[in-house]
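What follows is one structure encoded as structure tokens, with my remarks underneath.
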Amino acid sequence: MAQRKKISVIGAGNIGGELAMLVARRELGDCVLLDIPEKADFARGKALDIMQTGALDGFDGNVHGTSDYKDIAGSDVVIVTAGVPRKPGMSRDDLLSINLKIIRAVANGIKENAPKAFVVVISNPLDAMVYEMKKVTGFDPKMVVGMAGVLDSARMQCFLAMACKCSTKDVRALVLGGHGDTMVPALGYCTVNGIPVKQLLPADVIDGIVKRTAGGGGEIVKLMGTSAYYAPAAGAVEMAEAYLRDEKRILACAAYLNGEYGYKDMYIGVPVVIGGGGAERVVQIDLSADEKAMLDKSAEAVRGLITDAAKL
Ligand code: NAI
Ligand code: 2OP
């Protein structure tokens with residue numbers, strides 16, 4: 001008999017709750033929502049709330065709240081949102097020491113209980129956290145990826161659609177690099193139904209959109225007092241779905257690089273084919289000299305974080 005897929009979400013906070021809802025709504029499989037023991041009931045409550053939504057909206061699947069890592073056994077996908085989000089005035093990098101301890105504990109839980117899972121890390125600072133996840137689990141790097149590029153690209157698509165006064169469905173954007181102020185919008189690959197945006201918008205408007213994209217997370221933190229969660233959850237589900245359904249999507253993800261783009265032994269946002277084999281292949285694209293210089297700067301910033309993390 002065919003078995004349902006199992007998707008575990010670590011951290012039942014803002015992103016985790018929205019993720020569990022999306023997993024259930026899209027009927028990707030059964031979902032486990034795990035948080036620390038003090039918040040086990042909170043996770044159980046969210047799980048029940050989501051299952052009751054299924055009775056109204058007509059979707060099936062179990063959602064189970066817990067704090068017991070044994071419950072994630074046999075997971076096909078584990079999505080990690082555990083950690084502290086930014087408060088106004090904080091950078092993602094300010095979260096390094098606190099979230100590093102959390103990610104190490106979570107990585108051990110996944111290693112022991114779900115060794116075959118495709119792991120998608122969301123916790124910040126993203127590129128350092130996903131590197132640590134791979135290091136502690138010792139998993140094949142194809143099975144450990146970070147979610148940020150899909151979110152940053154979606155933000156840029158949204159701003160481009162607003163400026164072009166057109167549907168976001170027709171807009172494609174590609175944002176590479178680390179998930180921080182040094183992210184790199186690859187403008188040559190940003191199009192509206194195939195038309196390069198440079199032909200549709202004046203340079204100063206595009207410059208404004210590039211800056212707004214890089215500050216897109218901070219803009220929301222300032223407005224809400226905490227970080228975004230709807231779009232981050234949607235981005236991670238897109239990656240999980242590409243794996244579960246072997247879609248071979250080309251998505252901007254933080255992937256482990258072993259020489260690609262000239263970087264070794266680090267995670268950074270690049271286009272990656274996501275399918276049943278995980279992060280199956282890094283796609284190498286041509287970048288302008290300016291874009292490559294920006295990517296080098298971004299890689300340097302990520303390398304600095306990884307070096308700091310190794311000392312903690
Ligand atoms: P939140 O505070 O609403 O939820 C985090 C949850 O993690 C809490 O329920 C907390 O109890 C739980 N947690 C803490 N330690 C844990 C542990 N050891 N095991 C299991 N659960 C644990 O935060 P939110 O808004 O859901 O954000 C989560 C993370 O995602 C933050 O680090 C944030 O900066 C990051 N983020 C990343 C984005 C990206 O593009 N990669 C975008 C937006 C946020
Ligand atoms: C975001 O980009 C803060 O990483 C978080 O929304």
Side-chain angles (χ1 to χ4, degrees), residues 8-21 32-47 65-69 71-72 78-110 113 120-130 132-133 136 145-156 158 175 177-181 183 212-239 251-254 267-269:
S8 294
V9 176
I10 314 295
N14 284 337
I15 302 179
E18 178 60 18
L19 261 171
M21 177 63 105
V32 174
L33 188 55
L34 183 146
D35 211 297
I36 49 176
E38 299 87 309
K39 290 186 75 175
D41 277 347
F42 181 72
R44 285 187 194 104
K46 276 204 180 183
T66 185
S67 64
D68 186 349
Y69 271 98
D71 291 341
I72 73 165
V78 178
I79 308 177
V80 180
T81 77
V84 173
R86 285 204 277 172
K87 297 268 178 301
M90 283 172 96
S91 79
R92 294 175 183 90
D93 301 355
D94 292 334
L95 304 173
L96 182 67
S97 64
I98 176 153
N99 283 352
L100 193 66
K101 286 190 198 99
I102 293 174
I103 220 77
R104 284 176 179 153
V106 172
N108 279 314
I110 296 172
N113 296 283
V120 181
V121 177
I122 302 185
S123 315
N124 269 324
L126 188 270
D127 307 272
M129 293 299 115
V130 64
E132 196 69 19
M133 176 63 66
V136 175
V145 289
M147 189 295 297
V150 284
L151 171 66
D152 297 325
S153 303
R155 283 181 173 146
M156 189 160 174
C158 166
V175 180
H179 183 53
D181 304 337
M183 65 182 72
R212 192 171 178 192
T213 302
E219 181 179 358
I220 291 181
V221 173
K222 216 164 159 194
L223 290 167
M224 298 204 306
T226 190
S227 53
Y229 42 96
Y230 294 120
V237 159
E238 191 164 61
M239 292 166 66
L251 299 171
C253 307
Y267 274 84
I268 196 162

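Here, residue 1 is the first one in the sequence, and each next residue gets the next number. When a ligand or atom number is given, it counts from 1 through the structure's own listing order.
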Taking [atom] as the reference point, the nearest protein heavy atom with its distance:
atom	answer
atom 31 (C) of ligand 1	Val84 O, 3.4 Å
atom 4 (O) of ligand 1	Gly13 CA, 3.3 Å
atom 34 (O) of ligand 1	Asn124 ND2, 3.1 Å
atom 9 (O) of ligand 1	Asp35 OD2, 2.6 Å
atom 17 (C) of ligand 1	Ile36 CG2, 3.4 Å
atom 2 (O) of ligand 1	Pro85 CD, 3.4 Å
atom 26 (O) of ligand 1	Ile15 N, 2.9 Å
atom 37 (C) of ligand 1	Ile122 O, 3.0 Å

Flag, side chain of [X] to backbone of [Y], donor-acceptor distance under 3.5 Å:
X	Y	value
Lys39	Ser67	no
Asp127	His179	yes
Thr66	Leu34	no
Asn108	Arg104	yes
Thr81	Gly11	yes

Only heavy atoms of [X], strictly under 4.0 Å: list the atoms of ligand 1 that pass.
X	result
Leu151	40 (O), 42 (C)
Leu95	34 (O)
Met147	39 (C), 40 (O), 41 (N)
Ile10	20 (C)

- ligand 1 contact by Ala228, heavy-atom criterion under 4.0 angstrom: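 It does; at least one heavy atom falls under 4.0 Å.
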
- Item | 4.0 Å heavy-atom contact, Thr81 with ligand 1 |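 Judged by the 4.0 Å heavy-atom criterion, Thr81 does count as contacting ligand 1.
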
- Just go through Val130, Val121, Asn14 and tell me whose heavy atom is the nearest to atom 25 (O) of ligand 1.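 Of the listed residues, Asn14 has the closest heavy atom.
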
- Which one of Thr226, Val221, Leu126, Asn124 has a non-hydrogen atom at the shortest distance from atom 5 (C) of ligand 2? Asn124

- Message: Quick check for you: to the nearest 0.5 Å, what is the distance between Glu219 atom CD and Thr213 atom OG1?
- Response: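 So the gap between those two atoms works out to 9.5 Å.
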
- Message: With rounding to the nearest 0.5 angstrom, report the CG to CD1 distance, Leu33 to Ile72.
- Response: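 Taking CG in Leu33 and CD1 in Ile72, the distance rounds to 12.0 Å.
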
- Verdict with supporting geometry, Leu151 and Ile122, side chain to side chain contact (heavy atoms under 4.5 Å, CB included): CA-CA 11 Å; Leu151 171 66; Ile122 302 185; over 6 Å; no

- Item | From CA spacing to verdict: side chain to side chain contact (heavy atoms under 4.5 Å, CB included), Tyr267, Met133 | CA-CA 11 Å; Tyr267 274 84; Met133 176 63 66; over 6 Å; no

- Query: Which atom pair, heavy atoms only, marks the closest approach of Leu95 to Pro85?
  - Reply: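 Here Leu95 and Pro85 meet closest at CD2-O, 3.8 Å.
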
- Task: Please report the closest heavy-atom contact between Ser123 and Ala82, naming both atoms and the distance.
- Result: OG-O, 2.6 Å

- Task: May I ask whether Ile220 has any heavy atom positioned less than 4.0 angstrom from an atom of ligand 2?
- Result: no

- Judging by distance only, is a nitrogen or oxygen of Asp152 under 3.5 angstrom from one on ligand 2?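 By distance alone, the answer is no.
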
- Task: Give yes or no for whether the N/O distance cutoff of 3.5 Å, strictly under, is met between Ser227 and ligand 2.
- Result: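 Checking ligand 2 against Ser227, no N or O pair falls under 3.5 Å apart.
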
- Should Val130 and Met147 be marked as a side chain to side chain contact (heavy atoms under 4.5 Å, CB included) after you check the CA-CA gap, both sets of side-chain angles, and the distance that decides it? CA-CA 9 Å; Val130 64; Met147 189 295 297; over 6 Å; no

- Message: Out of the candidates Leu96, Asn124, Val80, only one should pair with Met129 under the side chain to side chain contact (heavy atoms under 4.5 Å, CB included) rule; please name it.
- Response: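 Of Leu96, Asn124, Val80, side chain to side chain contact (heavy atoms under 4.5 Å, CB included) with Met129 is met by Leu96 alone.
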
Could you tell me whether [X] approaches ligand 1 through its side chain, its backbone, both or neither, with non-hydrogen atoms closer than 4.0 Å?
X	value
Pro232	side chain
His179	side chain
Asn99	side chain
Thr226	neither

- Query: ligand 2 versus Arg155, non-hydrogen atoms closer than 4.0 Å: side chain, backbone, both, neither?
  - Reply: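 For Arg155, only side-chain atoms sit under 4.0 Å from ligand 2.
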
- Contact atoms of ligand 2, heavy-atom distance to Gly217 under 4.0 Å: 1 (C), 2 (O), 6 (O)

- Task: With heavy atoms of His179 as the reference, note each atom of ligand 2 found under 4.0 Å away.
- Result: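 Those qualifying, in numeric order: 1 (C), 2 (O), 4 (O), 5 (C).
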
- Message: Apply side chain to side chain contact (heavy atoms under 4.5 Å, CB included) to residues Val106 and Tyr69 and explain how you reach the verdict.
- Response: CA-CA 9 Å; Val106 172; Tyr69 271 98; 3.5 Å; yes

- Please check if atom CG in Asn14 has more than 12 non-hydrogen atoms from other residues, nucleotides or ligands closer than 6.0 Å.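 More than 12 heavy atoms, drawn from other residues, nucleotides or ligands, come within 6.0 Å of this atom.
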
